Amino acid sequence: MARVELTRHLYLYFPQLEGQELVVEAETVADVVRELDALAPGLGGYVCDERGRLRMHVNIFVGDERVADRDRLSDPVAPDSLVYVLQALSGG
Amino acid sequence: MSDRVLVGTRKGTFVVEKSNGRWSPRLVGHQGVGVNFVARDPNSGTLWAALGHGHWGPKLSKSTDGGETWEDGPTVAFPAGARHLVPPFPGETPEGEEPAAARLEDATVQKLWVMAFGRPGRIYIGTIPGGLFVSDDDGKTFELNRPLWDHESRGGNLFDTEGSGFTHWFGTPASEGGNFAPGIHSILVDPRDPDHLYVAISTAGVLESLDGGETWRSRNKGMLMDYLPDPAAEWGHDPHAIELCKGDPDHLWQQNHCGVFYSSNGGAEWKKVSKPEQGVHFGFPVAADERDGRTAWLVPGKADSQRVTVDGSLFVARTEDGGETWTDLREGLPQDGAYDVVYRHALSNANGRLAFGSTTGNLYLSEDRGDTWQTVSNNLPPVYSVMWA
């Protein structure tokens, strides 16, 4: 079961996740997003576009590594992984 | 009489109301979020906001209590298989190779740009890249209008076939994320017949449907461009905004990249009515009178190459004779050192009350058909949309 940490900004839109420990069954990053969307319907559309691609200004890290596959999110997730969903710093 | 103005800005949604004789803005939602368009569905009373989150993508938001509380609306998404032709960017063709053909790319919504309301329960959304989305269940779900997406002018059916390989639709830099794709920014519904529609696209031109969106035809006769070899080509025009007169809907107005155009026959033919010597030529918004089809207002800017006010002074231009003559309306507007730019959705008229907002964060309002203006605010975020509601 991978553990997930979300940027504080997402709690603004999904307050139902406040205080919850986010632990999901996942083999890939795509699984993580799918599980998060099941916990908080709509969250997947904040992180990915309608093709399932990571939005341009969103980053996901597995441990210290930024995901390599932004199109299909096929990066593997281990049972003890810590997955971070973050805004990319995009200036402005 | 409308007593409220909805204002979408780069940093939230505001409502402007009159209290103790003074109009003032109040932030009602989406603080910190880009709001491209805010409007009230006259059928249901629901307020809709088209958001462009910097990180989280385009989202619809709605309020059923007049703007006090907001909730996420349904997802607006291109269906699987929706593709569009994207011409190659400069620099994409390797040295010594033939220029690449336009490539087929999966479409994703980059920007929710405009909304319009038809018969009760029907809502339209225009997007970049060039999608018209339609709801027939009061905004619970939206579907892509296929006849327009598959139109021959943009390469035909690209869901099931490779199409013609060529699109006459160019692009606009107005999408979020720096992409270059065509966008639908104006959707008009004929008050006499809700199946009679117009859409305007930057950059392609105006299309009309007489059957609720089942079929579309170009409505660009008489339009002139100054950036293509054939100025009167059927496609490639850059309408910045179109409007119709609600009480006399055969009268259409178009502020175009290449001047001001007017049609008195439902778009069958347009006539250029610019007066460049008076500064009436370039700009983004246009507002039509609700009864007299010959009356309209513009907020002119100086030339496409500059996009600032004319000589640092802000004015609204009004015609009451179908564009034959224009009157500068300046009383109450800054006449020195003003560099306001007014975007295409940021001018609104309701019964001779007008309001407009600029990218400088100024909001101005007139209660006498534009003869005199008052400043509502000098301190808003950049204004994207202004709408009486």
Side-chain angles (χ1 to χ4, degrees), chain A residues 4-18 20 22 24 29-30 32-62 66-67 69-75 83-92, chain B residues 10-12 29-34 49 51-62 69-84 86 104-112 125 127-129 131 133 140-144 149 159 175-181 381-382:
Chain A
V4 184
E5 288 201 7
L6 302 179
T7 165
R8 293 296 313 158
H9 289 241
L10 278 171
Y11 288 96
L12 200 61
Y13 305 109
F14 301 96
Q16 68 268 42
L17 297 179
E18 283 285 1
Q20 278 195 46
L22 298 174
V24 297
V29 171
V32 171
V33 174
R34 196 162 43 245
E35 290 295 310
L36 289 173
D37 192 64
L39 283 172
L43 192 147
Y46 275 65
V47 175
C48 294
D49 68 20
E50 62 260 57
R51 307 292 176 198
R53 299 182 296 216
L54 204 54
R55 291 196 181 278
M56 187 185 297
H57 301 299
V58 178
N59 266 339
I60 296 182
F61 283 72
V62 180
R66 188 161 68 169
V67 295
D69 180 3
R70 295 179 67 90
D71 284 337
R72 288 177 296 278
L73 306 182
S74 61
D75 297 53
V83 179
Y84 299 89
V85 180
L86 306 168
Q87 303 111 284
L89 191 63
S90 47
Chain B
R10 188 173 173 185
K11 293 291 177 181
H30 315 117
Q31 183 174 337
V33 179
L51 309 183
H53 285 275
H55 293 88
W56 314 116
K59 299 276 180 288
L60 272 183
S61 181
K62 67 176 191 173
T69 60
W70 295 82
E71 60 181 292
D72 272 8
T75 300
V76 180
F78 282 98
R83 302 188 295 175
H84 60 146
V86 179
L104 279 169
E105 285 189 2
D106 288 337
T108 58
V109 174
Q110 293 164 23
K111 180 170 187 160
L112 304 172
I125 297 177
T127 70
I128 302 175
F133 289 85
K140 292 182 186 64
T141 59
F142 284 87
E143 274 188 32
L144 179 67
W149 185 257
F159 270 82
S175 68
E176 275 124 32
N179 293 311
F180 194 71

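Just so you know, these numbers come straight off a predicted model, no measurement behind them.
- Between A:Tyr46 and B:His53, the ring planes lie tilted relative to each other; the angle falls in the 30° to 60° range.
- Residue-environment remark: CZ (A:Arg72) stays at or below the threshold of 12 foreign heavy atoms within 6.0 Å.
- Listed here is the closest heavy atom pair of A:Arg53 and B:Asp106: NH2-O, 4.2 Å.
- Contacts of B:Thr108 with chain A are made by both backbone and side-chain atoms, with heavy-atom separations under 4.5 Å.
- Other residues, nucleotides and ligands place no more than 12 heavy atoms under 6.0 Å from the CD atom of B:Glu143.
- In terms of heavy atoms, B:Trp56 sits closest to A:Arg55 at O-NE, 3.1 Å.
- The environment of CD in B:Gln31 is sparse: at most 12 heavy-atom neighbours from other residues, nucleotides or ligands sit within 6.0 Å.
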Might you work through the side chain to side chain contact (heavy atoms under 4.5 Å, CB included) test for A:Glu50 and B:Val109, ending with a clear yes or no? CA-CA 8 Å; A:Glu50 62 260 57; B:Val109 174; 3.5 Å; yes

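- A:Tyr13 has its side chain out of reach of B:Lys59: every pair of non-hydrogen atoms, C-beta onward, lies at least 4.5 Å apart.
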